[in-house]
Amino acid sequence: MKTALITGSGRQAGLGFEVAKQLGAQGYQIIIAARQSAQVTERVAELKDLGFQAHGVVLDLTDENSISQAVNAVQQWDSKLDVLVNNAAVFGDFTSVLETDIKNVEAAFNTNFLGTWQVTQKFYALLANADTARIVNVSSGAGSFADPVYGILNGSMGMPVSTYALTKLAINGLTVKMAKEFSQDNVLVNAVCPDVVNTSGNDTGFGRPVGEGAKSVVWAATLPDDGPTGGFYRDGQPLPW
Ligand SMILES: NC(=O)c1ccc[n+]([C@@H]2O[C@H](COP(=O)([O-])OP(=O)(O)OC[C@H]3O[C@@H](n4cnc5c(N)ncnc54)[C@H](OP(=O)(O)O)[C@@H]3O)[C@@H](O)[C@H]2O)c1
């Protein structure tokens with residue numbers, strides 16, 4: 001059985017939990033990873049109710065110890081990890097360069113960029129133990145230069161500057177570096193933008209249904225062995241960087 005771990009999959013209405021459900025439906029053993037233990041317990045129970053094989057770990061991207069403990073826990077259930085979805089992120093400030101509080105920039109980079117990097121480092125040995133593995137870095141068109149709607153050069157949806165966008169720009173660069181380095185172990189690494197997705201849990205009329213956004217991520221998590229690596233995609237289509 002293949003095993004997939006999804007970070008930040010504790011919120012019921014979030015993209016991460018939807019990815020977990022879609023991978024569970026494809027027969028993957030799911031590891032819910034979230035920083036709130038109550039969420040972990042609830043989401044694992046929901047996956048089991050759906051008939052899926054599921055476990056959970058408390059994992060805070062900003063806490064090295066919790067990542068190491070999560071790696072140890074996962075080793076009880078499988079000697080390898082087939083899929084790592086780096087989904088957890090914070091949205092940070094949407095203020096001008098001058099007004100943005102640098103402490104908030106630091107916090108956003110600690111989670112979205114350094115946290116993702118460190119989670120990948122620590123789970124890498126398990127990923128390399130799989131015959132072939134997939135890493136999906138959940139990114140955003142906001143981190144692209146060229147995305148015509150959300151991109152940095154094209155207005156970022158009218159935001160003055162977005163710390164969030166800059167963390168995703170960094171994630172896109174890291175994706176390329178990971179892909180090059182990890183190809184020796186047959187680990188495919190891609191960045192995916194799920195598009196604007198309604199993960200509020202309410203019918204806001206803004207953003208597409210979470211199931212559709214999650215499909216974009218699941219596509220990259222279930223690529224064939226000869227699939228692409230080092231790319232940036234939405235709905236299976238390449239996005240400009
Ligand atoms: N929604 C969109 O329109 C959209 C568009 C493009 C890209 N994305 C990306 O999609 C991913 C999921 O977004 P979402 O909309 O589903 O938002 P979300 O529900 O807020 O999911 C993000 C999750 O990350 C978790 N998280 C934050 N900091 C963490 C930390 N230090 N350690 C562990 N977990 C942490 C949050 O945990 P808590 O529940 O404990 O706060 C939350 O459950 C993100 O990477 C986001 O950038 C979303």
Side-chain angles (χ1 to χ4, degrees), residues 6-19 33-36 39 59-67 85-121 136-178 190-210 212-214 216-217 232-234 239-241:
I6 304 105
T7 66
S9 52
R11 260 198 73 231
Q12 192 181 37
L15 189 76
F17 186 54
E18 182 63 30
V19 169
R35 59 183 168 177
Q36 300 182 45
Q39 285 186 342
L59 190 163
D60 184 332
L61 266 67
T62 62
D63 177 352
E64 184 181 351
N65 239 352
S66 90
I67 306 173
V85 180
N86 285 315
N87 167 76
V90 292
F91 289 91
D93 288 350
F94 293 89
T95 45
S96 73
V97 171
L98 289 177
E99 287 166 344
T100 298
D101 185 335
I102 288 298
K103 288 198 182 69
N104 295 341
V105 178
E106 191 180 3
F109 269 88
N110 276 341
T111 302
N112 300 6
F113 183 60
L114 301 179
T116 295
W117 193 332
Q118 192 161 44
V119 165
T120 306
Q121 283 180 332
V136 186
N137 292 329
V138 181
S139 185
S140 170
S144 150
F145 277 93
D147 184 297
V149 183
Y150 315 118
I152 288 170
L153 284 178
N154 295 306
S156 302
M157 291 181 86
M159 315 282 185
V161 71
S162 150
T163 302
Y164 171 76
L166 297 177
T167 66
K168 297 298 186 179
L169 174 65
I171 279 293
N172 287 351
L174 183 62
T175 299
V176 175
K177 290 297 180 189
M178 285 178 172
N190 290 288
V192 166
C193 171
D195 210 334
V196 176
V197 181
N198 181 1
T199 54
S200 68
N202 301 311
D203 186 8
T204 59
F206 184 70
R208 65 177 178 167
V210 68
E212 284 180 26
S216 217
V217 176
F232 182 32
Y233 296 92
R234 182 187 296 138
L239 277 179
W241 291 102

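Just so you know, these numbers come straight off a predicted model, no measurement behind them.
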Original post:
Does some side-chain heavy atom of Cys193 sit less than 4.5 Å from a side-chain heavy atom of Leu239?
Top reply: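 Leu239 vs Cys193: side chains touch.
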Given 3.5 Å as the limit, does a donor-acceptor pair link the side chain of [X] with the main chain of [Y], or not?
X      : Y      : value
Asp60  : Thr62  : yes
Asn110 : Leu114 : no
Lys168 : Val138 : yes
Arg11  : Gln39  : no

Please identify each residue that fulfils ring-ring contact (aromatic ring centres under 6.0 Å, His included) with [X], with sequence neighbours left out.
X      : value
Tyr164 : Phe91
Phe145 : none
Phe17  : none

Subject >> Point-to-point distance, once rounded to the nearest 0.5 Å, from OG of Ser66 to CG of Leu61 >> reply: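 Those atoms lie 8.0 Å apart.
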Subject >> Set of salt bridge (charged side-chain N to carboxylate O under 4.0 Å, His left out) partners for Glu64, sequence neighbours left out >> reply: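 Glu64 satisfies salt bridge (charged side-chain N to carboxylate O under 4.0 Å, His left out) with Lys122 only.
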**OP:** Report the residues that fulfil salt bridge (charged side-chain N to carboxylate O under 4.0 Å, His left out) with Arg234, sequence neighbours left out, ordered by chain and then residue number.
**Re:**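 For Arg234 the salt bridge (charged side-chain N to carboxylate O under 4.0 Å, His left out) partners, ignoring immediate neighbours, are Asp147.
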**OP:** Name all residues meeting the side-chain contact (heavy atoms from CB on, under 4.5 Å) criterion together with Ala191; count only those two or more places apart in sequence or in a different chain, and write none if there are none.
**Re:**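 Partners of Ala191 by the side-chain contact (heavy atoms from CB on, under 4.5 Å) criterion, ordered by chain and then number, come out as Ser139, Asn172, Thr175, Phe232.
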